[in-house]
There are 2 protein chains.
Amino acid sequence: MSTAERLIETTRELLWERGYVGTSPKAIQQRAGAGQGSMYHHFSGKPDLALAAIRRSAEEMQAKAEQQFGGPGTALERITAYLRREREVLKGCPIGRLTQDPDVMADPELRRPVDETFAWLHGRFTALLTEARDQGELNAALDPASTASTVVAVLQGGYVLARAAGSDEPFHRAVEGVLGLLAGHATAPAPSHDR
Amino acid sequence: MSTAERLIETTRELLWERGYVGTSPKAIQQRAGAGQGSMYHHFSGKPDLALAAIRRSAEEMQAKAEQQFGGPGTALERITAYLRREREVLKGCPIGRLTQDPDVMADPELRRPVDETFAWLHGRFTALLTEARDQGELNAALDPASTASTVVAVLQGGYVLARAAGSDEPFHRAVEGVLGLLAGHATAPAPSHDR
DNA sequence: GTCTATAGCGTGATAGAC
DNA sequence: GTCTATCACGCTATAGAC
């Protein structure tokens with residue numbers, strides 16, 4: 001693994017653990033086992049390195065989500081699979097937490113990957129919920145776009161509640177709660193596609 | 001307004017805007033119009049002042065919530081009133097954001113008010129949802145405790161989505177989405193209490 | 001590419017005068 | 001109670017040797 005690679009990965013970790021304001025170039029260098037000069041050779045400074053780290057985390061989050069979204073099963077089953085997927089709940093969402101970092105939100109370049117990731121996620125959920133509705137898995141009275149925002153918010157808020165409590169429980173309760181609400185809106189067993 | 005008062009209020013503002021790590025004693029003193037010596041006369045240091053500020057914000061959040069919870073209407077109407085209440089959405093939740101501050105979460109004293117506020121909020125919502133269920137406003141199949149976590153998470157996650165997008169819209173969509181999900185679970189018009 | 005040395009500034013806190 | 005002076009330290013970055 002190259003030095004630049006190690007610097008990016010280390011920055012991703014520290015951004016996740018301590019946020020942008022709480023992460024110093026020095027801390028990155030020490031954990032990555034790189035000197036000052038090395039870091040400034042590969043990156044112009046803290047914002048440049050953070051941009052590389054944030055972009056990679058955003059890509060990773062989308063790729064992981066696509067694993068469940070593009071998997072087998074009905075639309076509602078794929079949504080359920082995504083919501084119930086294993087997560088490092090107490091560490092929080094590596095992208096969502098950047099939202100609370102004033103210096104990240106103040107810089108359009110750093111902010112863009114965050115904005116785009118949630119816009120993508122919302123679009124993906126809206127499409128899946130529309131599919132579920134059209135297949136009769138979900139009540140037609142529900143607005144897919146609003147429900148999509150609700151589902152994404154439950155995950156992000158679940159992380160907040162879990163960290164406040166110092167326990168995974170509130171996160172899982174929130175997820176099961178929204179699944180219960182969605183389940184009650186099923187109108188009929190989903191028809192099989194192939195006949 | 002006393003100097004100590006001004007210091008606490010200023011700290012509440014800065015904690016909301018920039019978090020604990022991003023807020024320096026110097027910045028507090030300048031905005032509050034107080035000197036170094038003045039601050040250290042009234043408070044033992046940054047953590048002590050932050051504790052006073054966090055406690056007050058936690059109390060305020062609970063008091064504001066109780067305005068809607070204890071207001072008129074059925075349980076579901078009071079929940080709706082709370083969810084639709086005016087908020088400074090783009091500023092985020094002054095308590096929820098502390099959850100992302102590693103130094104706050106690492107200090108049991110600073111962390112306690114955050115933990116307690118969300119525990120209280122969850123309990124309050126659980127009671128209201130139980131009441132709604134018993135009054136036939138809500139499907140009996142729903143678990144009040146899980147649904148309560150979902151509702152609180154929607155608010156906290158709504159703030160995250162709004163800040164990511166730089167717009168109030170995702171917050172309001174998420175709120176209307178969960179109200180839509182709850183509405184579909186009504187089993188019958190709520191009976192009047194008084195006859 | 002990586003190292004060490006250095007710079008200028010901010011942070012969190014203390015000391016002691018008024 | 002509030003002020004100014006001072007401290008040791010950490011932050012982000014640059015310079016220049018190797």
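So you know, we letter chains A, B, ... as the sequences are listed, proteins then strands, and number each from 1.
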Side-chain N,O (B:Thr3) to OP1/OP2 (D:dG1) below 4.0 Å: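 The answer is no; no side-chain N or O of B:Thr3 sits under 4.0 Å from OP1 or OP2.
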Tell me whether the side-chain N/O atoms of A:His41 come closer than 4.0 Å to OP1 or OP2 in C:dG1.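 Indeed, a polar side-chain atom of A:His41 lies that close.
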Generate the contact string for nucleotides 11-18 of chain C. Rules: B means base contact, S means sugar-phosphate contact only, - means no protein heavy atom under 4.0 Å. SSBB----
Roughly, in whole Å, what's the span from [atom1] in [X] to [atom2] in [N]?
X: A:Leu14; N: D:dC11; atom1: CG; atom2: P; result: 12 Å
X: B:Arg6; N: D:dG1; atom1: CZ; atom2: P; result: 14 Å
X: A:Ile28; N: D:dT12; atom1: CD1; atom2: P; result: 8 Å
X: A:Phe43; N: D:dT14; atom1: CZ; atom2: P; result: 16 Å
X: A:Gln30; N: C:dT4; atom1: CD; atom2: P; result: 12 Å

Side chain to side chain contact (heavy atoms under 4.5 Å, CB included) partners of [X], counting only residues at least two apart:
X: B:Ala58; answer: B:Ile95, B:Pro113, B:Thr117
X: B:Ala141; answer: B:Asn139
X: B:Arg87; answer: B:Tyr82, B:Arg85, B:Val89, B:Leu155, B:Tyr159, B:Phe171

Are the charged groups of B:Glu9 and B:Arg12 less than 4.0 angstrom apart, N to O?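 Between B:Arg12 and B:Glu9 there is a salt bridge, with a charged N closer than 4.0 Å to a carboxylate O.
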Through direct or indirect side-chain contacts below 4.5 angstrom among Ile, Leu, Val, Met, Phe, Trp and Tyr, which residues connect to A:Trp16?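 A:Trp16 shares its hydrophobic cluster with no other residue.
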Linking directly or through intermediates, with side-chain heavy atoms under 4.5 Å: list the remaining ILVMFWY members grouped with A:Val21, chain and number order.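 Listed partners: B:Val21.
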Under a 4.0 Å heavy-atom cut-off, which of residues 100-108 of chain B touch DNA chain C?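 None, since no heavy atom is under 4.0 Å.
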Any pair with a residue in residues 34-51 of chain B that passes side-chain hydrogen bond (donor to acceptor under 3.5 Å, both in side chains), sequence neighbours left out, goes on the list, sorted by first then second residue, please.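 Passing the test, one end in residues 34-51 of chain B: B:Gln29-B:Gln36.
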Please list, chain by chain and in numerical order, all residues satisfying salt bridge (charged side-chain N to carboxylate O under 4.0 Å, His left out) with B:Arg124, sequence neighbours excluded.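 Scan of B:Arg124 (salt bridge (charged side-chain N to carboxylate O under 4.0 Å, His left out), adjacent residues dropped) gives B:Glu66.
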